[in-house]
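Just so it is clear: chains get the letters A, B, ... in the order the sequence lines come, proteins before strands, and each one is counted from 1. Just so you know, these numbers come straight off a predicted model, no measurement behind them.
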Number of protein chains: 2
Amino acid sequence: MPKFIGEFDGKIDAKGRIVIPVGLKKQLPEDSFNHLVINRGFDKCLVIYTRNDWETETQKLEGLDSFNKLDRQFIRIFNNGATEIGLDTANRVLIPKKLSQYAEIESDVVLYAYNNKIEVWSKKNYESQMAIDPDEFSKMAETVMSKKKNDE
Amino acid sequence: MPKFIGEFDGKIDAKGRIVIPVGLKKQLPEDSFNHLVINRGFDKCLVIYTRNDWETETQKLEGLDSFNKLDRQFIRIFNNGATEIGLDTANRVLIPKKLSQYAEIESDVVLYAYNNKIEVWSKKNYESQMAIDPDEFSKMAETVMSKKKNDE
DNA sequence: TCTTTTTCTTACACTATATGACACAACTCT
DNA sequence: AGAGTTGTGTCATATAGTGTAAGAAAAAGA
């Protein structure tokens with residue numbers, strides 16, 4: 001499983017393409033250049049996985065109960081919009097229009113890579129997502145990490 | 001885990017690079033020269049880790065649930081734009097523009113190394129951060145250390 | 001103290017990358 | 001078929017990134 005890291009600024013061009021900066025491209029396995037999957041994220045962003053990782057992710061859904069209405073709906077929505085994409089000759093990926101609309105991407109974007117995901121944000125949404133003051137953040141840390149402890 | 005120590009003055013050049021002084025470079029494990037991670041710290045400074053240490057830090061996040069909104073946001077903010085960097089042929093590191101802006105770094109910088117972190121400050125912010133009179137400092141010690149005791 | 005070596009600083013030159021414009025192919029719709 | 005839309009590739013240019021070198025300053029050794 002690739003471990004991505006980095007935060008990159010970029011733009012979407014008139015045709016809806018975003019350049020994958022070299023710093024990020026270098027982290028991608030070569031055989032994934034033409035086998036990436038992009039989908040809606042849970043927040044107003046898009047997520048790019050390698051095809052392999054995407055399959056791993058969807059396997060997490062396998063335990064769900066396809067006789068259960070809510071589960072079925074979730075699976076449907078989760079898969080909706082997932083599209084395979086690839087790098088073109090200029091290291092760009094074409095973002096399907098539906099998805100860029102969903103993420104409210106118009107011109108400036110931020111690529112935010114961590115773990116096995118590359119998140120694609122409109123700059124505006126990215127900034128408001130990240131705007132949090134240190135005190136709030138440390139409270140958040142307590143909540144999140146203590147919950148984690150209880151789970152164990 | 002490396003244990004850094006020292007305070008170094010330096011400058012950022014027109015291309016956004018900062019020289020890692022030899023005294024500091026010697027403290028870095030050789031195999032980390034091209035695998036350093038930099039990201040935003042609290043208090044308008046930047047923090048550099050070795051990639052290994054960074055991964056140790058982020059392992060704390062591993063049990064979190066990416067289907068949970070708060071957890072996701074926490075992960076994102078914790079990562080905070082971490083980016084991998086390396087030393088060039090002249091022992092410099094290129095600071096991503098976004099980050100130097102965040103830390104208000106324009107010309108003079110201070111590298112402040114302790115534990116497994118190297119903090120990068122603009123000289124101005126560093127000085128105002130460190131400007132404190134002895135009485136205040138001792139009061140601060142009481143507050144901080146007694147709180148710690150209660151936690152234990 | 002003087003010499004030698006190392007480290008720092010600055011400047012510059014070269015390479016790689018990002019960006020925007022444009023041309024054209026494929027496809028859709030009327 | 002023709003007009004419009006969408007997808008893909010190419011190119012030129014500006015900017016960002018990287019490497020090299022020379023002199024100044026500092027440190028180390030004799």
Distance, rounded to the nearest Å, where [X] contributes [atom1] and [N] contributes [atom2]:
X      : N       : atom1 : atom2 : value
I18(B) : dT9(C)  : CD1   : C1'   : 14 Å
L94(A) : dT5(D)  : CG    : P     : 17 Å
D13(B) : dC12(C) : CG    : C1'   : 12 Å
R17(B) : dT18(D) : CZ    : P     : 9 Å
K25(B) : dC8(C)  : NZ    : P     : 10 Å

Taking ring-ring contact (aromatic ring centres under 6.0 Å, His included) as the test, write out the residues that go with F33(A), two or more places apart.
none
Kindly state which residues belonging to residues 27-34 of chain B come within less than 4.0 angstrom of DNA chain D, counting heavy atoms of the residue only, listed by number.
none
Can you pull out the residues from residues 98-114 of chain B that lie within a 4.0 Å heavy-atom distance of DNA chain D?
none
Axis bend over the full length of the helix from dT1(C)-dA30(D) to dT30(C)-dA1(D), computed from five pairs that close each end, to 10 degrees:
30°
Is a donor-acceptor contact shorter than 3.5 angstrom present between the side chain of R92(B) and the base of dG17(D)?
no
Pull out every protein N or O sitting under 3.5 Å from an N or O of nucleotides 14-18 of chain C, one pair per line with the distance.
| from | atom 1 | to | atom 2 | distance (Å) |
| --- | --- | --- | --- | --- |
| dA18(C) | OP1 | V22(A) | N | 3.3 |

Can you sort out the partners of N34(B) under side-chain hydrogen bond (donor to acceptor under 3.5 Å, both in side chains), two or more places apart, ordered by chain and number?
none
